[in-house]
Number of protein chains: 2
Amino acid sequence: MNTISVLLVDDHTVVRSGLKALLGTQGDIAVVGEAASGEEALEAAHDHKPAVVLMDLAMGAGMDGIEAIKLLRQWNPKQAVIVFTTYDSDADIVRAVDAGAMGYLLKDAAPEEIFAAVRGAVQGKSVMSAPVASRLFQQLRNPDEILTPREAELLSLLTEGLSNRDLGKRLFISEATVKTHLAHIYAKLGVETRAAAIATAIRREGMR
Amino acid sequence: MNTISVLLVDDHTVVRSGLKALLGTQGDIAVVGEAASGEEALEAAHDHKPAVVLMDLAMGAGMDGIEAIKLLRQWNPKQAVIVFTTYDSDADIVRAVDAGAMGYLLKDAAPEEIFAAVRGAVQGKSVMSAPVASRLFQQLRNPDEILTPREAELLSLLTEGLSNRDLGKRLFISEATVKTHLAHIYAKLGVETRAAAIATAIRREGMR
DNA sequence: ACCGGTATCAGCCAAAAGGTGGAGAGACCA
DNA sequence: TGGTCTCTCCACCTTTTGGCTGATACCGGT
């Protein structure tokens, strides 16, 4: 059996070290590189040609994980990428899958889960943590609750505490349009006020 | 030189594994136990009598880290505890220090920082990551910005998206009083709208 | 006994937000 | 071509929020 080469991308030294230790116990998996940022990840992928990239989404400054995934797959469309992150926000999951992620693991995943995901990824199988999968299914079941791109954009700005007027200025639309979008967002999120919408957005959609 | 015994408490297997690997490279530090929850931590501390406990604050279900620190120090007032967490929310920092934490590290800390914190802790020195320290200083410099207990209570409910009327009902006070408290909260947080207050509360104060 | 901080309440007014209903333009797909 | 989705905009009205000023009451420390 061929050994599977893996590149670790995470800005936390501790996490990289932990993954390396865990993956090192498996004879068929070898960590061939580490990166602490999206930029480093691209470079390392180019140098080491890993079979699988294990990537965190939130990485301090600079390029975020999603962007890195897109660029990785642009440069090598067959590159297998597994997201390995702390959060299971709806928005992140969708964006990661869109960007071409093969799997989506949470950091509290059991080691066996991680091994399985890595092995599956090289065979084109996608593996995701249970909470992640259930969120995806929930979205498929309730397509009415999916925000349109424009609505998502507005919601994101909303979480910064802007007024309707400011939202309009920022998006180059009238206040009337802002109110229309907001009404739709409230309905989809199942809330009645902007306050609740912000709370829901930050907590559930992971818009921080 | 005596070796320093350390107990790791974190619900993420990967993080425990990473800490173990990093600490293992230091001759004077030995990991004597691991725990994935507050409950396990108390048991393990009782069994192994570690010199230092490295503890995450957010631990899925059950007892949280703060509670665990309090109990640990109740049972052994000299127990050195270092918080090792992802976030640097003001509220968490204050609560952890109150509970008796000797240090406060963020998960993106460099390995050397972690080693120094462990060694310092056994000598009664407290070590904290730079962002954490700066937040503490900021609070000391601006005591005017500290919320009163009542205000904090109200802010916490605010993040659930309640209206002024509902806040009044929930706290058994008039709407007028709610408005007074809110005005004070806005001033202290440096915001002008409830939307911004909620965003600030959830992001900065860690009220999730 | 006085003072500062906290918590409670009131009234007034302007601004912001929310609810309702309607409508036109462009994209995309069957 | 017709239907659906999305984005845009408008008017009218009610409710909510925020800014301001001022007031009473309790507690704790000096």
Side-chain angles (χ1 to χ4, degrees), chain A residues 90-91 94-95 98 139-202 205 207, chain B residues 90-91 94 98 139-202 205:
Chain A
D90 292 348
V94 172
R95 290 196 306 146
D98 263 4
Q139 290 217 327
L140 289 178
R141 254 186 282 119
N142 304 330
D144 290 354
E145 293 175 8
I146 297 178
L147 299 179
T148 68
R150 195 58 159 170
E151 285 162 0
E153 198 179 355
L154 207 145
L155 180 57
S156 160
L157 287 177
L158 191 65
T159 64
E160 288 173 20
L162 300 183
S163 67
N164 289 350
R165 184 168 308 168
D166 291 338
L167 289 171
K169 282 182 187 165
R170 198 75 88 82
L171 296 176
F172 304 106
I173 57 180
S174 80
E175 217 176 313
T177 306
V178 171
K179 289 172 124 188
T180 304
H181 284 311
L182 282 180
H184 294 159
I185 291 173
Y186 297 165
K188 290 182 179 179
L189 294 186
V191 300
E192 270 143 22
T193 66
R194 76 168 41 209
I198 292 172
T200 303
I202 297 182
E205 309 292 329
M207 289 185 176
Chain B
D90 291 349
V94 172
D98 264 3
Q139 290 218 328
L140 290 179
R141 254 186 283 118
N142 305 327
D144 290 353
E145 293 176 8
I146 297 177
L147 298 179
T148 69
R150 195 57 159 171
E151 285 162 0
E153 196 179 355
L154 208 145
L155 180 56
S156 159
L157 288 177
L158 191 65
T159 64
E160 288 173 20
L162 301 183
S163 67
N164 290 349
R165 187 168 304 166
D166 291 338
L167 288 171
K169 282 182 187 166
R170 196 77 88 80
L171 296 175
F172 304 106
I173 58 181
S174 80
E175 220 175 309
T177 306
V178 171
K179 290 173 96 178
T180 304
H181 284 311
L182 282 182
H184 294 159
I185 291 173
Y186 295 164
K188 289 182 179 179
L189 294 186
V191 300
E192 270 142 22
T193 66
R194 75 169 43 209
I198 293 173
T200 303
I202 298 183
E205 308 292 330

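In what follows, every chain begins at residue 1, and chains take the letters A, B, ... in the order their sequences are listed. Keep in mind that the numbers below use all heavy atoms, side chains included, and drop hydrogens, waters and symmetry copies.
A salt bridge does not link A/Arg170 to A/Glu153: none of the charged side-chain nitrogens sits closer than 4.0 Å to a carboxylate oxygen.
Closest approach of B/Tyr186 and B/Glu192 over heavy atoms only: CD1-O, 4.1 Å. The heavy-atom pair separating A/Ala197 from A/Leu155 by the smallest distance is O-CD1, 4.2 Å.
Sequence order on DNA chain C of the closest nucleotides to A/Thr193 and B/Leu171 puts B/Leu171 first from the 5' end.
Atom CZ of A/Arg194 is separated from atom C1' of C/dA16 by 8 Å (rounded to the nearest Å). With rounding to whole Å, B/Ile173 atom CD1 is found 16 Å from D/dT24 atom C1'. Put simply, CD on A/Glu151 is 8 Å from C1' on D/dT6, counting in whole angstrom units. In this structure, the CD1 atom of B/Ile198 is 12 Å from the C1' atom of D/dT17, given to the nearest Å. Rounded to a whole Å, the CG atom of A/Leu162 is 15 Å from the C1' atom of C/dA17. One can place CG of A/Leu182 at 15 Å from P of C/dT20, the figure rounded to the nearest angstrom. Spacing between atom CZ of B/Phe172 and atom P of C/dT8 amounts to 12 Å, rounded to whole angstrom units. As rounded to whole Å, 10 Å separates atom C1' of D/dG18 from atom CD of B/Glu192.
Each of D/dC9, D/dG18, D/dC7 was ranked by its minimum atom distance to the side chain of A/Ser174; first place goes to D/dC9. Of the candidates C/dA17, C/dT8, D/dT6, C/dA17 carries the atom nearest the A/Lys179 side chain, counting heavy atoms from C-beta on. With C/dA7, D/dT8, D/dC10 as the candidates, the nucleotide lying closest to the side chain of B/Pro149 is C/dA7. In the set D/dG18, D/dC9, C/dA10, D/dC9 carries the atom at the smallest distance from any side-chain atom of A/Ala176. The side chain of B/Asn164 lies closest to D/dT17, out of C/dG18, C/dA7, D/dT17.
Judged by distance alone, the side chains of B/Ser174 and B/Thr177 do bring a donor and an acceptor atom under 3.5 Å apart.
Using a 4.0 Å heavy-atom distance criterion, B/Thr180 is classed as a base contact. Residue-level contact check: A/Thr177 touches the bases, meaning some heavy atom is under 4.0 Å from a base atom. Using a 4.0 Å heavy-atom criterion, one finds that B/Glu175 contacts no nucleic acid atom at all.
A donor-acceptor pair is defined here as one N or O able to donate and one able to accept, closer than 3.5 Å; no such pair exists between the side chain of B/Ser156 and the backbone of B/Ala152.
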